[in-house]
Every structure is written in C-alpha cells, then in structure tokens.
Amino acid sequence: MDGLKRQAAAQALEHVQDGMKLGLGTGSTARHFVDLLGQRVAGGLRVVGVPTSEATRAQAEACNIPLTTLDEVDRLDLTVDGADELDGALNLIKGGGGALLREKIVAAASDRMIVIADDTKWVDVLGRFPLPVEVIPFGLAATQRAMATAFAQSGVSGQMGLRKGKDGHFFVTDGGHWIVDAHLGRITDAPRLAGLLSLIPGVVEHGLFIGLASTAVLAGAQGIRVVERR
Ligand SMILES: O=C(CO)[C@H](O)[C@H](O)COP(=O)(O)O
C-alpha cells in the first residue's frame with residue numbers, strides 16, 4: 001500500500017513547475033509527496049510551500065523546502081494532498097489525520113487541488129470512513145445535538161465519538177480544537193450535509209471537501225488512474 005501511495009505522489013509531482021507556490025498536504029500519502037518534492041528542491045527546483053499541519057511543516061523544513069504563509073502570498077498554484085475517501089464527483093472525506101481545517105483553508109486558496117491516494121480510497125458513496133468534524137470544546141453537547149439534527153435533515157444518522165489520541169486523551173488539533181468522528185455509513189447528499197454542518201456555531205470545520213479537488217491520482221495494482229472533475 002505504501003508503494004502505491006508513493007506512486008501516486010510521484011505522478012502528482014509531474015504537475016509541479018518551477019516557481020510554483022504549493023500547498024503541502026498532511027498524512028502518509030502527502031508525506032511521500034513532500035519527500036519527493038524535497039529531492040527535486042535539492043536538485044534545483046524553485047518552489048515555496050504552505051504546509052497544512054505542524055507535522056508537514058517539520059517534514060518540509062527537514063527537506064529544506066522553502067516555506068511561506070497565506071498571509072505572505074495571495075493564491076497558491078497547486079495543493080497536493082491525500083484523502084480518506086473520494087467519490088466520482090471528486091468530493092472528499094478528509095481529516096483522518098486531524099488536519100482538515102488547515103487542509104481546507106489551503107485547498108480553498110489554491111487554483112488547483114490534486115488528490116493523491118491508493119485506489120482503496122475510491123468509493124461510490126462517501127461515508128464508510130467516519131466523517132471528522134472539528135469542534136470547539138465549549139458547549140460540545142449542544143454542538144453534537146445540532147450535528148444530529150443536520151444529519152437527520154440530510155437523511156443520515158449514526159454514532160458520534162470524540163476522537164482520542166494514542167495517549168488516551170482527547171485528540172487536540174493544531175488549532176487547539178477537538179474532533180468528533182461521525183459514523184454515518186452512506187452520505188447520499190454530501191453537499192447538503194456539508195452546508196448544514198457549516199451553519200453550526202460550535203463546528204469549526206468539517207471533513208467534507210465539496211468541489212475543491214480538481215484532479216485525483218489513484219494508484220492501484222493495475223497502474224495509475226487520473227480522474228478530472230467534470
Ligand atoms: O485528511 C488527511 C489528514 O487530515 C489525510 O489526507 C487523510 O487522512 C489521508 O491520509 P493517508 O494519506 O495517511 O491515508
């Protein structure tokens with residue numbers, strides 16, 4: 001599986017041109033991309049990157065990739081990031097690694113987003129992967145009640161769980177928030193659910209990326225498949 005992730009990352013690297021401003025994703029697949037990009041930078045490629053997490057920042061710095069921020073540059077040319085699930089419309093579930101907020105800010109500030117993944121992430125309907133929702137700790141129960149209403153209004157239901165880290169404590173995002181993972185099974189109207197979740201005050205951001213990805217590079221046993229958003 002790791003080999004497939006690296007193949008997808010290598011394919012995405014073909015889209016990187018000298019002088020580009022890049023969003024650098026988070027996760028085990030994006031990690032391959034940053035590693036390969038670092039090798040190209042060492043060979044003379046000139047790019048600047050905006051990392052989507054502190055973990056990616058540390059990796060990019062170790063690879064000597066020049067970094068910038070969204071305060072210093074206007075738009076990014078391209079973001080390359082992984083996903084937990086993607087469907088035929090190139091709508092995504094992201095946030096398995098907990099970086100969804102910065103990932104979405106960076107993707108939205110990019111002219112193009114390429115999703116890199118092994119082909120097990122490709123699904124007919126989003127939702128088998130629990131949907132990460134980043135929340136403010138204050139008023140958590142009220143936020144979860146509002147989330148349940150949003151689920152019902154978009155025709156889904158399921159258990160919600162507050163994510164814990166490896167240390168057994170609540171997982172805290174780079175922004176200092178918590179993550180509720182919602183086990184919904186089949187999200188038949190992802191754009192509607194995305195819109196409803198965005199209206200809830202205690203929800204900082206959710207892991208549904210609607211209309212943000214322009215291209216998916218999927219690596220599988222049969223080779224690489226590139227899917228463009230229609
Ligand atoms: O959204 C993410 C992190 O917040 C990741 O892109 C997603 O979890 C996929 O990770 P991996 O490449 O390790 O499967």
Side-chain angles (χ1 to χ4, degrees), residues 1-13 22-37 49-60 76 78-87 90-110 112-123 126-135 161-166 170-184 187 190 194 197 203-220 224 227:
M1 202 65 83
D2 212 45
L4 295 180
K5 292 177 180 185
R6 196 161 182 91
Q7 282 176 37
Q11 172 74 31
L13 197 61
L22 299 172
L24 306 175
T26 295
S28 57
T29 318
R31 195 169 173 80
H32 285 297
F33 178 79
V34 173
D35 183 40
L36 293 167
L37 181 67
V50 174
T52 54
S53 63
E54 293 306 314
T56 298
R57 173 191 306 285
Q59 187 200 0
L76 301 177
L78 171 66
T79 284
V80 179
D81 201 349
D84 299 300
E85 277 186 355
L86 63 162
D87 68 11
L90 297 198
N91 290 329
L92 318 173
I93 286 183
K94 284 186 55 57
L100 63 132
L101 175 58
R102 292 188 190 185
E103 289 173 336
K104 197 178 280 190
I105 292 171
V106 168
S110 302
R112 229 175 133 202
M113 178 191 194
I114 298 181
V115 177
I116 50 176
D118 66 73
D119 64 1
T120 62
K121 306 284 185 71
W122 181 262
V123 295
L126 297 176
R128 191 181 55 203
F129 191 91
L131 176 66
V133 180
E134 185 159 346
V135 296
L162 204 50
R163 189 180 298 184
K164 289 194 173 159
K166 290 193 185 96
F170 293 139
F171 177 90
V172 179
T173 67
D174 283 344
H177 310 122
W178 290 347
I179 289 189
V180 173
D181 290 303
H183 300 252
L184 301 174
I187 304 172
L197 288 173
V203 168
V204 182
E205 194 47 83
H206 56 76
L208 287 169
F209 282 47
I210 308 296
L212 285 170
S214 28
T215 305
V217 177
L218 300 162
I224 298 238
V227 182

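One is the number of the first residue; the rest follow in order along the sequence. One-based numbering, in listed order, for ligands and for the atoms of each.
Scanning the protein for heavy atoms near atom 12 (O) of ligand 1, the closest one is Thr29 OG1, 2.5 Å. The nearest heavy-atom contact from the protein to atom 3 (C) of ligand 1 is Glu103 OE2, 3.0 Å. For atom 13 (O) of ligand 1, the closest heavy atom belonging to the protein is Ser28 OG, 2.5 Å. For atom 14 (O) of ligand 1, the nearest protein heavy atom (residue, atom name, distance) is Lys121 NZ, 2.7 Å. In terms of protein heavy atoms, atom 8 (O) of ligand 1 is closest to Asp84 OD1, 2.6 Å. Scanning the protein for heavy atoms near atom 5 (C) of ligand 1, the closest one is Thr26 O, 3.2 Å.
Note: no N/O pair closer than 3.5 Å links Ala30 and ligand 1 by distance alone. Taking only nitrogen or oxygen atoms, main chain and side chain alike, Gly95 reaches within less than 3.5 Å of ligand 1.
With a heavy-atom cut-off of 4.0 Å, Ala83 touches ligand 1 through its backbone alone.
Rounding to the nearest 0.5 Å places CG of Asp35 at 4.5 Å from CZ of Arg6. Rounding to the nearest 0.5 angstrom, the gap separating the NZ atom in Lys164 from the CG atom in Asp181 is 12.5 Å. The structure places CG of Leu24 at 7.0 Å from OG1 of Thr52, a figure rounded to the nearest 0.5 Å. Atom CD of Glu134 sits about 13.0 Å away from atom CG of Leu197, to the nearest 0.5 Å.
In this structure, Lys94 does not pair ionically with Glu205, as no charged nitrogen and carboxylate oxygen lie closer than 4.0 Å.
Counting non-hydrogen atoms of other residues, nucleotides and ligands closer than 6.0 Å to CZ of Arg128 gives a total of 12 or fewer. Arg163 CZ: more than 12 foreign heavy atoms inside a 6.0 Å radius.
Not a single donor-acceptor pair under 3.5 Å links the side chain of His32 to the backbone N or O of Gln7.
Using a 4.0 Å cut-off to heavy atoms of Ala99, the atoms of ligand 1 that qualify are 4 (O). Listed by number with element, the atoms of ligand 1 under 4.0 angstrom from any heavy atom of Lys94 are 1 (O), 2 (C), 5 (C), 6 (O). Every atom of ligand 1 with a heavy atom of Asp81 under 4.0 Å away is listed here by number and element: 6 (O).
Residues Leu86 and Val227 fail the side-chain proximity criterion, which asks for heavy atoms closer than 4.5 Å.
The nearest non-hydrogen atom to atom 10 (O) of ligand 1, considering only Gly82, Gly25, Gly27, Ala8, comes from Gly27.
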